[in-house]
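Counting convention: from 1, in listed order, for ligands and their atoms alike.
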Amino acid sequence: MCGIVGYIGNKDVDSVILVGLEKLEYRGYDSAGIAAIHEGELFIRKRKGRIVDLYSLVNGKPIKGNVGIGHTRWATHGKVTDENAHPHTDCNNTIAVVHNGIIENYIELKKELTERGHVFKSDTDSEVIPHLIEENYDGDMLEAILKTIKKLKGAFAFVVISTLEPDKIIGVRMASPLILGVGENEMLFASDIPALLSHTKKIITLDDGEIVVARQNSFQIYDFEGNPREKEIKEITWEADMVEKEGFPHYMLKEIHEQPKVFVKNIASYLKSGEPQILKDFNLRRILLNKNEFYIQASGTSLHAGMIGTYMVQDLARVKSVAEYSSEFRYKNPVFDPRTLVVAISQSGETADTLAGVRLAKKNGLDVLSIINVQESTIARESDYVIYINAGPEIGVASTKAYTAQLLILALLSLEIGYLKGYIPDDELKKYVNELKTLPEKMRVVLSHEAQIQHIAEKFYNANNFMFLGRGINFPTALEGALKLKEISYIHATGYAAGEMKHGPIALVDENLPVVVVAPKTSVYEKTISNIQEVKARGGRIIIVATEGDEEVKEFGEEIIYVPETLEIFTPILSIIPLQLLAYHIAVLRNCDVDKPRNLAKSVTVE
Ligand code: AGP
């Protein structure tokens with residue numbers, strides 16, 4: 001999961017590439033580099049470290065040119081070193097390549113190339129690409145790359161520049177994302193939309209098996225056989241300022257605070273006539289009404305949303321529903337019924353495991369609906385139906401606003417199907433719709449407790465372990481709260497079904513263990529209070545997310561974070577916000593890199 005940028009045009013390539021890499025740093029940030037061609041010579045600047053380190057390298061040794069490539073790395077093969085940073089070059093320093101993905105047969109390729117005299121400078125898989133191009137080059141760069149591709153196995157999105165043909169930049173896509181930005185008198189490549197937004201909103205998302213030869217004023221797409229291919233230019237709706245921090249110290253905090261605005265936008269868009277209008281596509285409406293099972297598959301935070309979705313779909317639409325990790329689903333050889341709808345939930349729309357789940361479902365002839373944030377992403381384009389969550393670019397690696405937007409879409413979808421099937425009478429639908437419209441304000445009320453949550457973070461940020469508990473529709477809320485904490489603060493955190501504590505995990509409870517319990521007023525509230533008492537009896541330090549006005553919890557909780565009352569089905573939307581803020585402030589107190597946590601990347605595009 002690396003970030004790639006490429007440029008050809010009139011601007012100084014160093015500023016375009018470096019700023020573009022900054023916008024993609026969430027995709028990987030252990031090393032970075034840039035290459036440019038100037039007056040027939042290829043210049044490379046690369047090193048381990050963050051983009052800020054690359055800036056200082058380039059400031060010390062400026063690089064010029066109007067055609068260049070850049071890369072920010074999430075190491076797969078080869079340690080984090082200067083030599084293993086991209087770009088990689090051929091033996092003659094005339095061809096430079098940046099690559100995202102995994103070349104599965106690189107060991108044999110590298111062996112053959114070395115036997116034929118090629119000298120390697122890194123121990124990465126990616127470096128075989130420029131050496132193969134060098135070997136295949138016979139006066140036509142496109143031909144050389146087409147021959148090279150035929151030898152590569154695995155996932156690769158790569159961009160090539162060369163002093164041999166300095167008037168072009170070539171991008172290739174196979175199983176890793178790559179987008180062409182079509183500008184005025186300039187062309188760009190990028191792994192993801194944010195790197196393009198300040199230059200153009202006209203994009204072409206490449207499909208697997210496509211290669212683009214781009215010049216300053218033109219481009220031509222080919223398939224891997226060299227046959228020309230025409231593709232439509234799409235106009236994206238995101239604005240450049242959407243990928244700025246707007247005064248917040250971190251993207252994650254900005255995105256936590258953006259959640260009410262995302263709800264307002266989606267409610268206006270999907271609740272026009274007072275009825276949920278998710279299923280604008282009549283064909284999708286017909287399909288969904290005939291499904292007897294929703295099989296939700298997703299990863300990480302998106303899977304937690306999917307788990308909550310199963311409660312919503314079953315309660316409101318009365319359709320059987322399961323949620324499964326994509327990484328398990330894809331290898332399970334599941335038994336499918338033709339009336340099963342596979343639902344893929346993904347913020348990035350590029351998660352390899354979730355994409356593989358979509359392809360498995362399609363191979364078995366099933367309809368696939370995807371709930372996606374990034375426009376024109378691979379999962380969106382390979383699904384039969386797409387519902388966009390319209391959360392805007394989510395830059396922080398820890399997903400927050402996309403998660404609650406996913407929950408909103410799942411709730412609206414469940415309400416609409418339940419209503420169309422006659423399970424939800426008009427007056428009950430009105431009750432849900434009216435409550436939905438109050439959620440943005442209720443989210444703002446929760447956000448107004450940030451100072452209290454920061455105080456709680458100051459009490460517990462040195463803990464080595466945390467436990468999160470929840471029941472019913474808020475069991476996944478506990479899982480999500482634990483994931484938020486562990487992925488940005490590196491504290492070991494377990495999320496558990498509160499009712500399961502007595503079957504083992506309660507052995508963990510002692511006076512050193514902070515236990516966060518999600519206990520809003522729902523149908524399982526009393527049961528959850530019993531679980532809190534079990535923890536209290538064993539000395540656990542209890543933090544409770546409770547419904548405003550609940551006085552009973554004060555007897556058990558060392559800290560109480562109140563959230564406004566809402567309908568049970570919407571409690572996960574309000575209850576997760578304190579946990580997002582708690583994780584954020586603990587991570588800041590532990591001096592962790594909140595937006596770019598160690599070992600992680602925003603979009604996991606490899607297995
Ligand atoms: C979320 O905080 C994590 N960064 C991660 O679990 C993420 O949700 C997961 O990788 C799925 O990503 P997707 O939604 O883009 O498919």
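Protein heavy atom in closest approach to atom 2 (O) of ligand 1: E487 OE2, 2.4 Å. Protein heavy atom closest to atom 10 (O) of ligand 1, with residue, atom name and distance, is V604 CG2, 4.0 Å. Among protein heavy atoms, the minimum distance from atom 12 (O) of ligand 1 is reached at T351 OG1, 3.5 Å. Nearest to atom 6 (O) of ligand 1 among the protein's heavy atoms is G300 CA, 3.2 Å. Atom 1 (C) of ligand 1 has as its closest protein heavy atom T301 OG1, 3.0 Å.
Heavy atoms of K602 found under 4.0 angstrom from ligand 1: none, in either backbone or side chain.
Between the CD1 atom in I296 and the CE atom in M307 there is a gap of 10.5 Å [rounded to 0.5 Å].
Side chain to side chain, Q297 and S326 meet the donor-acceptor criterion of an N or O pair below 3.5 Å.
Selection from S299, A298, A352 by nearest heavy atom to atom 11 (C) of ligand 1 gives S299. Among A344, A402, S348, S302, the residue whose heavy atom lies closest to atom 15 (O) of ligand 1 is S348.
Checked against the 6.0 Å centroid threshold, F156 and H99 do not count as a close aromatic pair. In this structure, Y403 has its ring center no closer than 6.0 Å to that of H304. The six-membered or imidazole ring of F475 lies away from that of Y496, with a centre-to-centre distance of 6.0 Å or more.
Heavy atoms only, all atoms of each residue included: A32 and A85 are closest at O-CB, 4.1 Å. The minimum heavy-atom distance between P334 and F329, with the atom names listed, is CG-CE1, 3.7 Å.
By the 3.5 Å distance cut-off applied to N or O atoms, T354 is not counted among the residues near ligand 1. Polar contact with ligand 1: present for V397 (N/O pair, distance under 3.5 Å).
Each of K265, K245, R444, K401 was evaluated against E258; a single residue qualifies, K401, per the salt bridge (Lys or Arg N to Asp or Glu O under 4.0 Å) test.
Distances shorter than 4.0 angstrom occur between a heavy atom of K484 and an atom of ligand 1.
With ligand atoms numbered from 1 in the order given, ligand 1 contributes 2 (O) to contacts under 4.0 Å with heavy atoms of A398. Near S399, meaning under 4.0 Å from one of its heavy atoms, ligand 1 places the atoms 1 (C), 2 (O).
The pair E376-K234 meets the salt-bridge criterion, with a side-chain N (NZ, NE, NH1 or NH2) lying under 4.0 Å from an Asp/Glu carboxylate O.
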